Structure formats: C-alpha cells, structure tokens
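What you see is a predicted model; the values in this text were computed from it and never measured. Here is how names work: the chains are called A, B, and so on, in the same order as the sequence lines, proteins then strands, and each is numbered from 1.
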Amino acid sequence: MTQHGWNKRTHYCGDLRAADAGREVVLNGWVQRRRDHGGLIFLDLRDRAGIAQVVFNPQISPEAHAAAEDIRGEFVLAVEGTVGRRPEVAVNPNLGTGEVEVTARSVQVVSTSKTPPFEVKDGVKVDESLRLRYRYLDLRRPEMAGNFVMRAAVSKAVRDFLDAEGFLEIETPMLTKSTPEGARDFVVPARLQPGHFFALPQSPQLFKQILMVAGFDRYYQIVRCFRDEDLRADRQPEFTQIDLEMSFIESEDIIGLMERMFTKVFAGALGVELELPFPRLTHKEAMSLYGTDRPDLRYGMAFLEFTDVFGSSGFELFKKVAQEGGVVRGFKVQGLTNPTRKQLEALVDKAKELGASGLVWMVGEEGNGLRSPISKFLGPAEMHPISERARFWPGEVLLLAAGSQAEVNELLAGLRAHCIEEFSPEPEECFAFAWVMDFPLFDWDEEEKRLKSNHHPFTSPDPESIPLLEEKPLEALSDSYDLVLNGVEIGGGSIRIHDRELQQRIFNLLGLDPEESREKFGFLLEAFEYGPPPHGGIAFGLDRLVMLMAGRATIRDTIAFPKTQTASDLMAGAPDTISAAQLKELRLRLS
RNA sequence: GGAGCCGUGGUGUAGCCUGGUUAACACGCCGGCCUGUCAAGCCGGAGAUCGCGGGUUCAAAUCCCGUCGGUUCCGCCA
C-alpha cells in the first residue's frame, strides 16, 4: 500500500506466465474489457507490457465481485489476487498471458474513466483527427505503444553503439541563426533585440562541423530538427535525426561504421540479422536502372536499355526518339503473366495518367515470339535482341517507353511503383538497404537560373570531379552517400570541404561572392580559418527508420504527438494566437 | 499554391448517382438474465435536425456554390 492509499504493482500484467502460478500478485492497469457472466466476472487488465485476465468469483471474494460489477472500460485498477493456471479448456492461445489468470481477492478503483470517444483496441479504424485529439487514448492501444517501445530500443541501440565507438553526445542550440539555402525556417522573435529573430535549426549541420574544428573528432546527437515546409505522410515540421560527424576519415569509414550500426540496431530492436555489406549503386545507376534516386530493392523490375535496338527499326516513333538523342527503355513486369487485354489497357491508361503520350507493351509467346501492337513494324533484327535482353518466358510482359532520359525515367519509375502495388504482394518483414553514392554536386535551378547545391554547399566534390568544376559543373559528382531502405530515403551525408580555396570555388559557382558567403555562413567560414580537420558525417531520419521497422505507413505513428497536415496539434491546440501583451513585449504588430 | 478522397448517433459504415415513409446496419453505451468467457451469449433500451453557411426546389443527408476539418499526392522539402 502506498502513502496515497493505492496498492502498488508487484508484476506487469503482460509479464505473467505459467511459471508464476501460485504467486500472490498486485496488478495496476487499465480495464480493456469486462465480461460479466452474472456469477463470474472476467476483466482484461492492460498495462504497458500486455493484458492479463482477472477473474472475480463471488465464492472467493464477494466484496471484489460486487465491486467489479460497477467497473467499466478504461478504469484504473489495483487488483490483488493469486495467479493460477487456467483450466485446460479456457487457455487462450492468442494472449501471451493466456495460460494463466489472476483470481481477485480485492480490487481498488484507483480512478474512473468516461466512456472513451473510440474503442481503445488494436485494429480499429478511427478518424485520424479524433485519434490526434485524444492522443493519450490512441497511444494506449498496444499497436501504437509498441511503436514507441521500438523507437526507444532503436535510440538505445544507436547510443550504445556510438558510445562504444568513441562518439561524444553533444547538444547544439535550438535557438540559432537563419541560414539561406534549404528549407524555410521556423522563426522565433528575440525579445531582448527587437526586430531580430532566431531560427530553429533545420539540422545541426554547421554546428557539428564546428565541433570537428573544435577537435571533438567524433560527435553524435539524437536531435530535433525543424523545417517549415508542407507536410507528407513521411514529413513533419519537427522530426528527429540521428546526426553524427567524424574527423580524419573518408566515406568508406562512415559507410562501414553505419552498416555495423544498423546491424546492431536491427538485432537489438527487431531481432533481425542484416546481411553486410549493403548493396551500392551510383546515383547514375539508380536513375538508369530504377528511374529514382531511392530505389526499392525489395523488387526487381530493373530497367532495360533498348535505344540501340530501335535506332534503325521500322517503328518510326521510337526510331525518331532514338535518333534525336532520346532513349527507349522498359522493364519486365513482375507478378503479371498472360495478361488480359483489359490489364494491358489499364497499364497504358496508367502511363497516360502519369503524363506519357503512350506506352508499348510486349508479351512473350511460346517459341521466342513476341506479341505487341508494334510487332508488325519489327523484324528479326529487333525482335531477337529484345527477347534476348528481356529473357522472356511465355506470357511475361515488357513495358517500353520512349522520350528524353528524364521523361522515360520518371514514367517508368511511376509504372514500376504501380506494378509493385498492383501485382507484387508486400513481402513480410523484408529490409532492403541500398547506398546511393556519387550524387551530382549541383542541380540547375531553372527558376533562378543558377547552380544549386544538391546536398549543401559544404559537400566535397569527388576528387576526380574537381577538374570539372568550372568547365562542366553539372557533371561534377560529390563525395556523398544516401542510405535507402525499402524505397524510403532514411539518411544521407557526405565528406565536407575543409580546404578554403576549394570552398571558395564552390561558392563562386553557386554565385556567392566572398562577402555574401561571409554574411550567410560567416561563423563556419571563420572557424575554418583556424585549422579545420578533414571531416564528414551523416544523418538519419529516426521517425522514418522506426516507421519502416514497425511496418507503419506514416511517421505520425512513430511520433508521440505529431501534427496534422496543416501543422496543428489537435490535442494541445497549437498553434494559437498570443495576447496583445505578449505581442507588445516582443514589439510585434500583426498586419 | 494546385489536384484527388473523406466528413451521417460515441465509433465505423450504408443511404447520396436517380430529391419525397419513422435515416439502416455493426460495434460501443445503458438496463436485465447468465459460473469459464476472452470479438462472451440472450432479451430490452437510449442515442444522429446527416461538418458548417448559403442557394435551387412544394420538398435536400441526397443537387449546386462557398467554407471548415482530416487525409493522400504534385509543387515545396534532403
């Protein structure tokens, strides 16, 4: 009995097992369900660990039985009783605790509950706004609670691993300076300096590089980041990164270390053995094989090249595209054989929906033949290489598209995603990692007519690309690496520039003169004047990682208190207006 | 900024296209019966002016316009 008069638990409900039979226990928990048989009353009591059945028998304790008659769902109880094996016929194999039950000797109603606005149990479909408003009830559901157990296990495995590898956990400011490039900043008015504003960090990027200049050598942090951009299923305005940076290393060091970290994380949090090393693709390979820089390698359907075949074919449309510098590519659909006309038409319709003018299909036939709307234009000179390259089995389907490289990649990537959804059942608990390396250093910003950093302005070019910088900047590659898991980008990083001269060349290419760059990134550049070590790092999206590990479709399910698509917190009621007095104090006036 | 989907008792849905009866079903909730249930069972009951505002019409959950909220995607964002 506690000072406050309630009985303290001796065991978690969900932990009881046959070996506990005969024990006197006290359980604390919430009432999942009551089954009142008039004589016997059964209560399912839930806590963090799981559910246990409590039996109220009037012959054992008339008081407890009488009390149980008034108990309702979500009441908080302290139950005192004896663990017993259930009768053979009453064992519940669906419950971890299904071999035992607790026969109550006494029960305390520690607190009562209103009837909840939705049923607190797994597998219920409830409007998300209601779940968010009553988040504490949503989080009581075991499938939600489990996500946070997983999340904590992942964080712990990361900390244990990095700590053992000699990393220091160091915090960086939440109130910092707005930086150009990248996402829109969240901004905080500075009361002591009217007209000035802090920005919340989009990531600790600059600070972690300065920690390298400071000589900490190995830094990490599990840290909140803020970006004021529109939301998605996998994007929240505040999210958590596993952020790290190392000195005196090259990309292979980071990649190898992270592969080992993920084996620990998956073993520790999921009990899953990962195979090392993770497959690697260059950015160029990813784009030409899968049309995206974050390919989902759980599925095949890599793109095949047919531009050469059609360059001199009788099919004018493709011939023209091939001769004018375009490409003809396609892929064989996995999971679809002997398609009906309707299925083929649906694929063509899908292509049109994705913005294509058309789509050519081919179906393999017995004896190396091919059935296709364009087969009358093709001779053996085309047919042979096509069927050879596609390795057709009878009934298999090849989809072909033609156009500019970018158009074809985008279309085929869309179709591949559609085919995965349509024809490939999602594999159970399969984790397909892939490193995507050697991203372009710059992208061309059509609106502003200038180069932009693909990653950020401190990303080192690949050494072999340095001579290309001024001549062919768009062909320059960076010394960078993204990690993709099941088609979701879960992290990325790079080796940074520590050479002032090289950094200035990059700024020049980005159209930043020395004064501008000093204005925008001054404190980092100044630090770099005092002996910056060679360094590099990486950051992972913890919310996304846990989402994939827990098999969820949105990071809202891995963030305890997430925001809606319009960035409001329906439980807390944020954002909200502030008082006139607060505004005045901040010297702000609303327009 | 743009496009799609959703909004009907506490919850999830049907009804809406083709306007007209007492808005239907399941779960939950309340009461009664019931000593082996665990999606308990059986009997009975309460509970919705159909997100909100406007319009069309003799008549609107249903058709039209606007708006709010949730969600997915594009733009945006590493």
Side-chain angles (χ1 to χ4, degrees), chain A residues 32-45 51-60 65 69-70 72-74 84 86-95 97-98 101 103 113-134 137 181-185 202-203 205 225-237 239 241 243 293-294 353-355 410 414 417 436 439 443 445 447 452-456 459 478 480-484 488-494 538-541 544 553-554 556 562-568 570:
Chain A
Q32 175 77 36
R33 223 167 156 68
R34 189 176 69 113
R35 290 176 295 280
D36 185 347
H37 284 232
L40 288 180
I41 295 175
F42 298 97
L43 282 187
D44 292 336
L45 201 63
I51 286 174
Q53 174 165 280
V54 182
V55 193
F56 293 84
N57 187 330
Q59 283 160 4
I60 289 170
H65 181 267
E69 288 189 327
D70 294 325
R72 294 294 181 269
E74 302 309 320
R86 296 190 186 190
E88 197 75 30
V89 290
V91 166
N92 183 349
N94 301 319
L95 218 54
T97 59
E101 61 192 2
T103 304
S113 170
K114 290 204 221 176
T115 300
F118 53 87
E119 289 176 67
V120 181
K121 65 178 187 188
D122 284 350
V124 288
K125 265 176 65 187
V126 185
D127 188 73
E128 187 139 3
S129 57
L130 205 63
R131 289 175 52 201
L132 290 173
R133 173 152 175 224
Y134 298 95
L137 299 179
E181 313 265 326
R184 192 178 295 116
D185 287 315
Q202 295 176 25
S203 80
Q205 183 63 37
C225 303
F226 305 87
R227 291 179 192 164
D228 188 8
E229 297 292 348
D230 287 3
L231 291 83
R232 289 285 188 283
D234 62 355
R235 265 164 43 187
Q236 283 273 308
F239 60 99
Q241 279 190 349
D243 188 52
D293 58 10
R294 43 184 180 87
E353 192 188 310
L354 291 167
E410 197 184 334
V436 181
F439 275 70
D443 294 320
D445 186 324
E447 262 175 43
K452 277 207 160 168
S453 290
N454 177 292
H455 198 69
H456 59 64
T459 305
S478 59
S480 63
Y481 29 82
D482 270 18
L483 187 61
V484 175
V488 176
E489 186 208 317
I490 58 166
S494 63
I538 193 164
F540 299 97
R544 283 185 186 175
T554 162
R556 290 189 302 279
K563 306 214 171 10
T564 68
Q565 194 156 54
T566 49
S568 45
L570 295 180

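Pair check for B:C63 finds B:G55; Watson-Crick or G-U wobble, both atom distances under 3.5 Å. Of all nucleotides present, none satisfies the Watson-Crick or G-U wobble test against B:A48 with each distance under 3.5 Å. Taking a pair to require two hydrogen-bonding distances under 3.5 Å in either a Watson-Crick or a G-U wobble arrangement, B:G7 pairs with B:C68.
The CD1-P distance, from A:I60 to B:G36, rounds to 14 Å in whole Å. Taking atom NE2 on A:H37 and atom P on B:C34, their separation rounds to 13 Å, with Å as the unit. At whole-Å resolution of the value, CD in A:E101 and C1' in B:G36 are 8 Å apart.
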Distances for protein N or O near nucleotides 45-48 of chain B N or O, under 3.5 Å:
none

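Scanning for side-chain contact (heavy atoms from CB on, under 4.5 Å) contacts around A:T554 gives A:A233, A:R556, A:D557, with sequence neighbours left out. Scanning for side-chain contact (heavy atoms from CB on, under 4.5 Å) contacts around A:V91 gives A:R86, A:E99, with sequence neighbours left out. With sequence neighbours left out, the salt bridge (Lys or Arg N to Asp or Glu O under 4.0 Å) criterion links A:R72 to no other residue.
The gap from the P atom of B:A61 to that of B:G51 amounts to 10 Å, rounded to the nearest Å. With both ends at atom P, the span from B:G28 to B:C64 equals 37 Å, rounded to whole Å. Going from the P atom of B:G2 to that of B:U67 covers 10 Å, rounded to whole Å. Distance noted for atom C1' between B:A14 and B:G7: 15 Å (whole Å). The same atom, C1', is picked in B:C27 and in B:A3; the two are 35 Å apart, to the nearest Å.
A:D36 comes within 4.0 angstrom of a nucleotide base, judged by non-hydrogen atoms across all strands. Within the 4.0 angstrom heavy-atom criterion, base atoms lie near A:P87.
The side-chain ring of A:F118 is not stacked on the base of B:U11, judged by centre separation under 5.5 angstrom and plane angle under 30 degrees.
Side-chain nitrogen and oxygen atoms of A:K125 include at least one within less than 4.0 Å of the OP1 or OP2 phosphate oxygen of B:U13.
With respect to A:K121 and A:E119, a salt bridge is recorded, a charged nitrogen being found less than 4.0 Å from a carboxylate O.
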For every nucleotide of nucleotides 66-78 of chain B, 5' to 3': is a protein heavy atom under 4.0 Å from its base (B), only from its sugar-phosphate (S), or from neither (-)? ----SBBSBBBBB
Under 4.0 Å protein heavy-atom contacts per nucleotide of nucleotides 23-32 of chain B, with B for base, S for backbone only and - for none: ----BSSSS-
